[in-house]
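For reference, the structure discussed in these notes is given below.
Positions are given from 1, in the same order as the sequence printed here.
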Amino acid sequence: MNILKNGGKLMAGMIVAVVISFFLCISINIICSAAFTKEIGYKAFVYESETAEKSMAEYEYEYVDKDGDGKDDGTDTKMKEYEDKGYFVTTEAERSTLTGVGKGVFLATSQVLTFIMLVAFASGGAYKQGFKDINLVKIEQIKEDKLKGLKIGLIGNIPFFVLFIAAVVTANVQSFKIPVVWYAFLNSQFYPVIMMIKGTAETLSQLEIGQFILLFILQLIVPAIAAVAYILGYKEINVFEKMMYKKEDR
């Protein structure tokens with residue numbers, strides 16, 4: 001009964017963790033985009049008048065930086081043509097994509113922070129249950145079950161196992177062209193790693209068997225964390241206290 005109860009709590013906690021991870025990844029992406037990308041042009045919207053609600057035409061203009069001073073050396077002839085005809089033109093800045101060092105910083109920072117949160121959510125309940133169970137085993141009220149943490153983790157991760165199975169099934173249906181990024185968003189606790197695993201694949205159907213195996217291995221992390229946490233609680237080991245004592249000894 002404790003296994004189902006703790007597994008249910010972990011399941012709810014994991015859903016919360018995914019939501020938090022989603023917004024965390026978006027926030028870090030915005031920060032990294034501001035730091036590592038630059039404006040490369042703009043998207044223009046043409047209206048019949050300044051009060052018109054719907055644009056009558058759209059086009060993109062890319063900056064031309066001939067002297068490398070970071071400023072546009074070109075001329076948007078389309079804008080001049082539209083404005084000369086009395087139309088109203090608005091622009092929306094376009095930035096370069098996050099690549100290279102910037103993308104690396106985003107992926108690494110996001111995964112470290114989401115993983116720390118993941119460990120906190122996945123270990124708390126299992127650790128406490130292990131701490132309680134050791135005393136109950138000593139007075140022979142329950143039987144020892146060192147796999148209880150693993151069982152809790154497996155139950156808590158059921159929604160994500162189901163999601164993985166759905167991804168595999170839909171990947172084999174040619175009419176479904178589901179973007180890998182959608183799967184990554186629904187697994188935001190592993191979003192950075194999933195984006196690295198996918199490589200150049202844009203849809204689930206483009207993923208190779210090896211990539212699906214890696215995606216499945218990711219889903220074993222939560223059960224593994226819960227299993228380890230339960231054993232630590234069962235053996236009354238407080239990792240945080242041990243780390244603190246080591247620092248004080250130094």
Side-chain angles (χ1 to χ4, degrees), residues 10 12-45 55 58-65 67-74 76 89-124 156-157 159-160 163-164 167 178-204 206-207 211 214-215 217-219 221-222 224-225 239-240 243-244 247:
L10 176 55
M14 286 306 303
I15 293 173
V16 173
V18 169
V19 174
I20 296 174
S21 295
F22 175 77
F23 288 106
L24 183 62
C25 287
I26 289 178
S27 299
I28 296 174
N29 183 272
I30 292 173
I31 293 171
C32 288
S33 293
F36 294 100
T37 65
K38 61 180 181 179
E39 283 192 27
I40 57 174
Y42 54 74
K43 188 171 185 179
F45 302 88
S55 63
E58 298 177 7
Y59 69 91
E60 293 183 355
Y61 174 76
E62 291 186 7
Y63 292 147
V64 179
D65 186 9
D67 53 14
D69 63 354
K71 297 180 180 180
D72 181 28
D73 300 321
D76 184 358
V89 182
T90 63
T91 61
E92 184 180 284
E94 290 190 333
R95 300 184 69 86
S96 58
T97 57
L98 196 61
T99 57
V101 175
K103 187 175 182 179
V105 171
F106 161 64
L107 293 174
T109 304
S110 298
Q111 193 57 75
V112 168
L113 294 179
T114 54
F115 186 73
I116 291 173
M117 183 178 60
L118 179 68
V119 171
F121 274 94
S123 63
N157 207 58
F160 303 98
L163 187 61
F164 173 77
I178 299 177
V180 180
V181 71
W182 289 10
Y183 178 79
F185 280 143
L186 293 173
N187 284 270
S188 289
Q189 72 277 31
F190 298 122
Y191 176 86
V193 177
I194 293 174
M195 295 306 287
M196 287 188 285
I197 290 174
K198 84 178 187 68
T200 58
E202 293 300 324
T203 63
L204 292 174
Q206 293 175 338
L207 293 174
Q211 291 170 305
L214 291 175
L215 292 178
I217 291 174
L218 284 181
Q219 298 306 332
I221 292 178
V222 169
I225 292 172
V239 176
F240 181 74
M243 291 174 63
M244 290 298 292
K247 288 182 179 179

(request) Go through the steps to decide whether Thr203 and Trp182 satisfy the test side-chain contact (heavy atoms from CB on, under 4.5 Å), and finish with yes or no. (result) CA-CA 9 Å; Thr203 63; Trp182 289 10; over 6 Å; no
(message) As a quick check of understanding, evaluate side-chain contact (heavy atoms from CB on, under 4.5 Å) for Glu58 and Phe45, giving each step before the final call.
(response) CA-CA 5 Å; Glu58 298 177 7; Phe45 302 88; 3.6 Å; yes
(request) Decide side-chain contact (heavy atoms from CB on, under 4.5 Å) for Leu218 and Ile197; before the verdict, give the C-alpha distance in whole Å, the side-chain angles of both, and the deciding distance to 0.1 Å. (result) CA-CA 11 Å; Leu218 284 181; Ile197 290 174; 4.0 Å; yes
(request) Using the side-chain contact (heavy atoms from CB on, under 4.5 Å) rule, take Phe160 and Leu186 through it: C-alpha gap first, then chi angles, then the decisive distance, then the call. (result) CA-CA 9 Å; Phe160 303 98; Leu186 293 173; over 6 Å; no
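At distances below 3.5 Å, not a single donor-acceptor pair connects side-chain atoms of Gln189 with backbone N or O atoms of Leu118. Not a single donor-acceptor pair under 3.5 Å links the side chain of Gln111 to the backbone N or O of Ala108. With Asn187 contributing its side chain and Tyr183 its backbone, the two residues share a donor-acceptor pair below 3.5 Å. Distance alone, capped at 3.5 Å, is enough to place a donor-acceptor pair between the Asp72 side chain and the Val64 backbone. Glu39 contributes no side-chain N or O that, together with a main-chain N or O of Arg95, makes up a donor-acceptor pair within less than 3.5 Å.
Here Ser188 pairs with nothing under the side-chain hydrogen bond (donor to acceptor under 3.5 Å, both in side chains) rule; sequence neighbours left out. The side-chain hydrogen bond (donor to acceptor under 3.5 Å, both in side chains) check on Ser110 picks up nothing, with sequence neighbours excluded.
Rounding to the nearest 0.5 Å places CD1 of Ile28 at 14.0 Å from CZ of Phe23. Going from atom CD1 of Ile20 over to atom CZ of Phe121 covers 4.0 Å, rounded to the nearest 0.5 Å. Lys43 NZ to Ser55 OG: the interatomic distance, rounded to the nearest 0.5 Å, is 8.5 Å. One distance of note links CZ of Phe106 with SG of Cys25; it measures 5.5 Å at 0.5 Å rounding. Taken from CG in Leu98 to CG in Leu107, the straight-line distance is 8.0 Å, to the nearest 0.5 Å. A distance of 13.0 Å separates CG in Leu214 from CZ in Phe190, rounded to the nearest 0.5 Å.
Using cut-offs of 30° and 60° on the angle between ring planes, the pair Tyr42 and Tyr63 is perpendicular.
Residues Tyr59 and Val89 form a side-chain contact, since some pair of their non-hydrogen atoms from C-beta on lies under 4.5 Å apart. Side-chain contact between Asp65 and Lys71 is absent, with no heavy atoms from C-beta onward closer than 4.5 Å. Between Ser21 and Met117 there is a side-chain heavy-atom pair separated by less than 4.5 Å. Between Val181 and Tyr191, the closest side-chain pair of non-hydrogen atoms falls below 4.5 Å.
For Lys103, the NZ atom counts as loosely surrounded, since its 6.0 Å shell holds 12 or fewer non-hydrogen atoms of other residues, nucleotides or ligands. Residue Phe115 places its CZ atom among 12 or fewer non-hydrogen atoms of other residues, nucleotides or ligands, all under 6.0 Å distant. Within 6.0 Å of atom CD in Glu94, more than 12 heavy atoms from other residues, nucleotides or ligands are found, so the atom counts as buried in its surroundings.
Of all non-hydrogen atoms in Gly156 and Pro159, the two that sit nearest each other are O-CD, 3.7 Å.
Screening Ile15, Val222, Asn157, Ile225 for a side-chain contact (heavy atoms from CB on, under 4.5 Å) with Leu10, the sole residue that qualifies is Val222.
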